[in-house]
Number of protein chains: 2
Amino acid sequence: MEQKNPIQVAGRLFGVLEFLADAGSAGLMEVSVALDLNKTTAHRVLNSLIYMGYARQNAVSGRYEPTFKVVDIANRIMGRVDIVQTVRPYLRKLMEATGETVHFVERDGNDAVYIDKVESMSNGIQMVSRIGSRIPLYCSGVGKAMAAEMDDWEIEEIWNNSKILRLTPHTITDRNDFKRELEEIRKRGYALDDEENESGVRCIACSLREPLGSARHAFSISAPVSRMDNGRLRELAASVLKVREEITRKLRASVAGPETVRKEMRYMHEQHEHREKCRLDAR
Amino acid sequence: MEQKNPIQVAGRLFGVLEFLADAGSAGLMEVSVALDLNKTTAHRVLNSLIYMGYARQNAVSGRYEPTFKVVDIANRIMGRVDIVQTVRPYLRKLMEATGETVHFVERDGNDAVYIDKVESMSNGIQMVSRIGSRIPLYCSGVGKAMAAEMDDWEIEEIWNNSKILRLTPHTITDRNDFKRELEEIRKRGYALDDEENESGVRCIACSLREPLGSARHAFSISAPVSRMDNGRLRELAASVLKVREEITRKLRASVAGPETVRKEMRYMHEQHEHREKCRLDAR
DNA sequence: CTCCTTTGTTTCATAATACGAAACTAAATT
DNA sequence: AATTTAGTTTCGTATTATGAAACAAAGGAG
């Protein structure tokens, strides 16, 4: 039993907020039933969210819906993640060169978290992924790419603490197969996800060589198998490795060199925040 | 006096979360002081956020920091906003044609909320804006573009309920000047923001003609004055109006036509969510 | 090295707060 | 007109969040 929430309402507040985010909109009773809350409690929680500006009640339908306030907070958080700003131009170039959607992730425990995504517009069929959502390391291209850079004990730890599930017929569920696969990745320099996580989707992924610390980020190209035969894969592998080199060079330069640029941007941002604050205070 | 929050801790929970989002990371005492909370209360609130996965305590520094969970929620919310998906390709094209950053907003009361942004990469100097953040209608290009489409009584209401501030020497602070300006916009078909909101920044903006309802969305091109002399402005005006027409046509088509496409995508998304749920339940 | 300051964590009695049953209103539905 | 359902308000009560105080642990100063 994992000890309970030190603040009971907290779970209810965020539960309702998440529910609204998923549902798009909901009536009081829907919320009440879905989260198993007393009608009155649901009502109070919703009003609290409204009071704080995280939800609103649609004037015509009377239904409750989320506002964009969480979106604002989310972007304040993302704004601080410098690596995204640094790497994005390269990922964009990669997307343009290949015409496929490119993802960028950061390691967090036994998962990878999507922190950026450059979508190809040309293709009708879009990959379904979301910034901020998670994917296990053991069964994803990006995950394996990062794991390949780690010490053996860390790999063991990841494997042991992951709930190994056969998500598709191709998912690797054997520890030794996994280790052999990582060995393979080390040789090649890039990782593959051959429908191991989602049927019909192939990925080619590769980790970043960062100046400090080991394997915290990776990027990938994902596409339906129909566009990812072995020939195409070889083609993409070349692009991926080239971009990896470019990013590596850039990151090395950033550490030694013009950190001032980053600081300047931070300053501009601070100035902007300041003006916004003034505006609010003036109410 | 605006009645108080029906759930006291709620304000504290979200207050702390927002603080962490802005600060990047913070110690217990920083939080305690900044939000005027008892040390113990701050501690409890932080632990509750950690318990729910919205914050974590850095293993080495011991400092508290936000996780990407809000980011995930934010993107679940944004994923439901169909208009963004529909319009983005056009905005991207506009960005590529002009080389300038393009913004897309939705009206919310007396403000506009940024709901999309296509950044130009080529230019070193980036505009500072954030998806989910707000800007008053009365002093922004996008705001005026939408206001120009409204009935007189609604314009009055917006003006009366806005806190009119002289943000820069160019800000319009007189009701009649404002109305004359809107008249001008109606004639031209697009709006200008000539350093009215932020010194040194000019915008050209224009609202969307949507099949149902009036003036809920607008887009704009923003750039430093140095890149936005009157000649350039005329050039951009042509592009902006052209894109507006393209979007209008597309929106009209979407209503009558292939709504199925949208439904299909929604279906794919639902499938994906389902798989994720299974994964979590399996724990 | 010791003392002192600062920060983070835990405990606990108490006051305040969130809780939910019930009553009530207003729409929909039959 | 009668019945059901959703949403809102009230209020006594039990639970829960609260904060003072004690404690632990990690720097900093002398």
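Quick note on labels: first sequence line is chain A, next is B, and so on, each numbered from 1. These numbers come from a predicted model, not from an experiment.
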Near DNA chain C, under 4.0 Å by heavy atom, which residues of residues 26-34 of chain A?
-> none
Five pairs at each end of the helix from C:dC1-D:dG30 to C:dT30-D:dA1: take the axis at both ends and give me the angle between them to 10°.
-> 40°
Which residues satisfy the ring pair (Phe, Tyr, Trp, His ring centres under 6.0 Å) test with A:Tyr54, sequence neighbours excluded?
-> B:Phe14
Do any of residues 53-66 of chain B sit with a heavy atom less than 4.0 Å from DNA chain D, and if so which?
-> none
Those residues at least two apart in sequence (or on a different chain) that pass ring pair (Phe, Tyr, Trp, His ring centres under 6.0 Å) with A:Phe68 are none
Are A:Glu156 and A:Lys179 ion-paired here, with the side-chain N under 4.0 Å from a carboxylate O?
-> yes
Those residues that, when tested against A:Phe104, pass ring pair (Phe, Tyr, Trp, His ring centres under 6.0 Å) (two or more places apart) | A:His217
Please name all residues satisfying salt bridge (charged side-chain N to carboxylate O under 4.0 Å, His left out) with B:Arg12, sequence neighbours left out, ordered by chain then number.
-> none
With distance as the sole criterion, is a donor-acceptor pair present between the side chains of B:Ser48 and A:Asn5 under 3.5 Å?
-> yes
Quick one: list whatever passes side-chain hydrogen bond (donor to acceptor under 3.5 Å, both in side chains) with A:Ser25, sequence neighbours left out.
-> A:Arg63
Which parts of nucleotides 19-30 of chain C does protein reach within less than 4.0 Å, heavy atoms only, written one letter per nucleotide 5' to 3' as B for base, S for sugar-phosphate only and - for none?
-> BBBB--------
Who are the salt bridge (charged side-chain N to carboxylate O under 4.0 Å, His left out) partners of A:Asp151, not counting sequence neighbours?
-> none
Please name all residues satisfying side-chain contact (heavy atoms from CB on, under 4.5 Å) with B:Asn58, sequence neighbours left out, ordered by chain then number.
-> B:Val60, B:Ser61, B:Glu65
Not counting sequence neighbours, which residues clear salt bridge (charged side-chain N to carboxylate O under 4.0 Å, His left out) with B:Glu18? List them please.
-> A:Lys69, A:Arg76
Taking NE2 from A:His43 and C1' from D:dT9, how many angstroms apart are they, rounded to a whole number?
-> 8 Å
B:Asp22 bridged to A:Arg80 by N-O distance under 4.0 Å | no
Round to the nearest Å and state the distance from A:Leu13 atom CG to C:dT17 atom C1'.
-> 13 Å
Between OH of B:Tyr51 and P of D:dT16 the distance, given in whole Å, is 14 Å
One should read off an interatomic distance between B:Glu198 CD and B:Cys139 SG, to the nearest 0.5 angstrom, of 10.5 Å
Pairwise distance CG(B:Leu13) to CD(B:Gln8) - rounded to 0.5 angstrom | 11.0 Å
